[in-house]
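Only one structure is covered here, and it is reproduced in the block below.
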Amino acid sequence: MSASPPPGPSTTVLITTGGTIAAQTTNDGAVPALGADDLLSAASNTGAADAGAADAGAPNSGDTGTGAVRTVDLMSVDSSAMTVADQFAVVRAIADALVDPEVAGVVVTHGTDTMEETAFLADLYCADERPVVFTGAQLPADRPDADGPINLAAALAAVRDPANRGRGVLVVAGGRVLPARGLFKVSTSDAVAFDSVRTDLPRPVLTDGIPLGRTARVDLFALYPGVSPGLIAAAVAQNAAGIVLAATGSGNTHPDITAEVALAVTHGVTVVVTSRVPYGEVSATYGGGGGAVDLHRAGAIVSPWLRAPQARMALIALLTAKASRQTIAEFFSASGN
């Protein structure tokens with residue numbers, strides 16, 4: 001890895017998607033309202049060296065002191081309301097930005113509710129060494145203590161940091177820079193919004209192109225004492241291509257769920273098992289009819305490290321690319337060695 005930025009690229013692309021970082025408070029609650037120029041202006045007022053301010057002579061670009069910022073107002077939504085199509089649109093916008101060799105990297109502003117999913121999805125397709133950095137906020141932009149401006153300033157600085165080349169997609173929030181893989185949200189309100197199940201996870205990438213059009217449907221269920229096995233049967237009946245189960249402990253559940261998993265697999269549905277527990281490896285350890293040992297024997301794939309939201313995004317991408325069960329199993333295995 002180079003000790004300094006390679007010569008040439010000097011532009012950072014800022015892609016905005018809405019979220020709390022762009023939100024203002026109304027009588028109906030906080031809603032996204034600000035565009036890229038507003039966000040750059042607020043970031044510049046933090047005094048951070050690499051915070052961008054919009055160039056008055058060019059409304060779609062700005063000068064950070066180390067290069068220009070080109071802006072793309074892609075959408076303006078709460079991330080909780082994003083569709084899978086929206087998430088893939090973000091990934092395509094990143095890829096489009098990186099076509100330009102003069103681009104040093106990309107910053108994406110995004111709601112924190114589902115940032116772990118979209119950032120991970122982007123990382124699945126990210127073979128480029130140039131930094132891609134997601135950031136957002138926990139407090140609306142019109143709050144006096146809004147955290148969005150400093151987060152955006154830090155994200156722009158992260159793109160210019162040569163140490164971030166080749167690290168894949170990163171997430172900047174609350175003074176932390178974390179890899180997208182293994183990321184999960186840990187607080188509804190604290191500025192330190194995210195943590196990671198493990199910060200050194202391998203990064204197998206998908207070599208198929210970013211899909212256009214309809215993607216595979218993958219349902220996600222959290223398991224608990226008394227959960228109805230009919231949830232899985234209903235997903236199969238409604239033509240889900242895949243199911244992700246957030247099981248208890250190290251991938252465990254009731255024997256009745258195991259029976260439904262076996263039936264789902266016979267119907268050609270891919271089932272991935274992970275854990276509701278935020279930290280630690282998920283491994284097939286327990287039996288008893290509903291343990292991960294039994295679920296694996298029933299045909300489920302165990303995800304050792306990727307938790308349910310990210311496992312679902314991986315399964316959507318893989319099934320959309322028509323990956324075989326063996327390829328899918330190899331991906332999840334390679335994601336945790």
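The distance from atom CG of L223 to atom OG1 of T253, rounded to the nearest 0.5 Å, is 4.5 Å. Here L220 contributes atom CG and R307 contributes atom CZ; the two are 13.0 Å apart, rounded to the nearest 0.5 Å. To the nearest 0.5 Å, atoms OG1 (T12) and CZ (R130) are separated by 11.0 Å. Between I210 atom CD1 and D96 atom CG the span is 7.5 Å, to the nearest 0.5 Å. Atom CG of L183 is separated from atom CG of L178 by 6.0 Å, given to the nearest 0.5 angstrom. For the atom pair M313 CE and D123 CG, the distance stands at 12.5 Å (nearest 0.5 Å).
Side-chain atoms of S303 come within 3.5 Å of backbone N or O of L306 as a donor-acceptor pair. At distances below 3.5 Å, at least one donor-acceptor pair connects side-chain atoms of W305 with backbone N or O atoms of G336. In this structure, R181 contributes its side chain and S335 its backbone to no donor-acceptor pair below 3.5 Å. Listed for the R92 side chain is a donor-acceptor partner under 3.5 Å among the backbone atoms of P211. With hydrogens and angles disregarded, a donor-acceptor distance shorter than 3.5 Å links the side chain of D161 to the backbone of A163. No side-chain donor-acceptor contact under 3.5 Å links T20 to the backbone of G111. Formation of a donor-acceptor pair under 3.5 Å by the Q87 side chain with backbone atoms of L121 is not found in this model.
Neither side chain, D38 nor S41, offers a donor N or O lying under 3.5 Å from an acceptor on the other. In this model, no donor atom of one side chain and acceptor atom of the other lie less than 3.5 Å apart for T199 and S196. Counting only N and O atoms by type, the side chains of H110 and T118 include a donor and acceptor under 3.5 Å apart. Using modelled atom types, one finds no donor on one side chain facing an acceptor on the other under 3.5 Å when comparing D113 with S79.
V205 and F331 sit in two unconnected hydrophobic clusters of ILVMFWY residues. Membership requires side-chain heavy atoms under 4.5 Å apart, directly or through other members. V218 and L124 fall within the same hydrophobic cluster, defined by Ile, Leu, Val, Met, Phe, Trp and Tyr side-chain heavy atoms under 4.5 Å apart, directly or through other members. Tracing side-chain contacts under 4.5 Å through hydrophobic residues (I, L, V, M, F, W, Y), one reaches L40 starting from V172; they form part of the same cluster. Both V69 and L39 sit in one connected hydrophobic cluster of ILVMFWY residues. Membership requires side-chain heavy atoms under 4.5 Å apart, directly or through other members. Transitive grouping of hydrophobic side chains (ILVMFWY, heavy atoms separated by less than 4.5 Å) brings M82 and V169 into a common cluster.
Side-chain contact between F88 and I316 is present, with heavy atoms from C-beta onward closer than 4.5 Å. The closest side-chain heavy-atom distance from V227 to H254 is not below 4.5 Å. Contact of the V107 side chain with the V13 side chain is not registered, since no non-hydrogen atoms from C-beta on lie closer than 4.5 Å. Residues V159 and V132 have side chains not in contact (no heavy-atom distance under 4.5 Å, counting atoms from C-beta outward). Side-chain contact between I94 and F134 is present, with heavy atoms from C-beta onward closer than 4.5 Å. With a 4.5 Å cut-off on side-chain heavy atoms, I301 and V273 do not count as touching. No side-chain heavy atom of T11 sits under 4.5 Å from any side-chain heavy atom of D100. Residues P32 and M75 form no side-chain contact, since every pair of their non-hydrogen atoms from C-beta on lies 4.5 Å or further apart.
Closest of all the heavy-atom pairs between A216 and T320 is N-OG1, 2.9 Å. The two atoms that bring A119 and V171 nearest to each other are CB-CG2, 4.0 Å, heavy atoms only. In plain terms, the two heavy atoms of S275 and V282 that are nearest each other are CB-CG2, 3.6 Å. In this structure, A311 and F332 approach most closely via the heavy-atom pair O-CZ, 3.7 Å. Contact record, A180 with Q310: O-NE2, 2.8 Å, taken as the closest heavy-atom pair. Shown here for L206 and A317, the closest heavy-atom pair between the two residues is CD1-CB, 3.5 Å.
Remark: D28 pairs with no residue by the salt bridge (charged side-chain N to carboxylate O under 4.0 Å, His left out) rule, at least two apart or across chains.
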Requested in this report: Go through V72 and L14 one step at a time and tell me if the side-chain contact (heavy atoms from CB on, under 4.5 Å) criterion holds.
Outcome: CA-CA 6 Å; V72 179; L14 171 63; over 6 Å; no
Report task. Evaluate side-chain contact (heavy atoms from CB on, under 4.5 Å) for V108 paired with M115, printing each intermediate quantity in order. Result -> CA-CA 10 Å; V108 180; M115 189 184 295; over 6 Å; no
**Report entry** Full working for side-chain contact (heavy atoms from CB on, under 4.5 Å) between L318 and R325
**Finding:** CA-CA 9 Å; L318 288 160; R325 185 192 181 283; over 6 Å; no
Requested in this report: Go through the steps for V293 and L295 under the test side-chain contact (heavy atoms from CB on, under 4.5 Å), then give the verdict.
Outcome: CA-CA 6 Å; V293 169; L295 289 166; over 6 Å; no
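No salt bridge links K185 with D195; every basic N to acidic carboxylate O contact stays at or beyond 4.0 Å.
Sorted by first and then second residue, the ring-ring contact (aromatic ring centres under 6.0 Å, His included) pairs involving residues 164-184 (not counting sequence neighbours) are F184-Y279. Judged as a ring-ring contact (aromatic ring centres under 6.0 Å, His included), not a single pair has a partner in residues 204-245 (not counting sequence neighbours).
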Side-chain donor-acceptor pairs of residues 255-271 under 3.5 Å, sequence neighbours excluded:
residue: T258; atom: OG1; partner: G289; partner atom: O; Å: 2.8
residue: T266; atom: OG1; partner: L263; partner atom: O; Å: 2.5
residue: H267; atom: ND1; partner: L263; partner atom: O; Å: 2.8

Only pairs under 3.5 Å count here: list side-chain donor-acceptor contacts from residues 146-153, not counting sequence neighbours, and write none if there are none.
residue: D147; atom: OD1; partner: Q138; partner atom: N; Å: 3.2
residue: D147; atom: OD1; partner: L139; partner atom: N; Å: 3.0
residue: D147; atom: OD2; partner: Q138; partner atom: N; Å: 2.9
residue: N151; atom: OD1; partner: G174; partner atom: N; Å: 3.2
residue: N151; atom: ND2; partner: G136; partner atom: O; Å: 2.9
residue: N151; atom: ND2; partner: D147; partner atom: O; Å: 3.4

Which pairs of donor and acceptor atoms, one on a side chain in residues 231-251, lie under 3.5 Å apart (sequence neighbours left out)?
residue: Q238; atom: OE1; partner: R217; partner atom: NH2; Å: 3.1
residue: T248; atom: OG1; partner: N252; partner atom: O; Å: 2.8
residue: S250; atom: OG; partner: S283; partner atom: N; Å: 3.0
residue: S250; atom: OG; partner: S283; partner atom: O; Å: 2.8

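Between T16 and the choices D37, D73, T109, the side chain to side chain donor-acceptor pair (under 3.5 Å) rule is met once, by D73.
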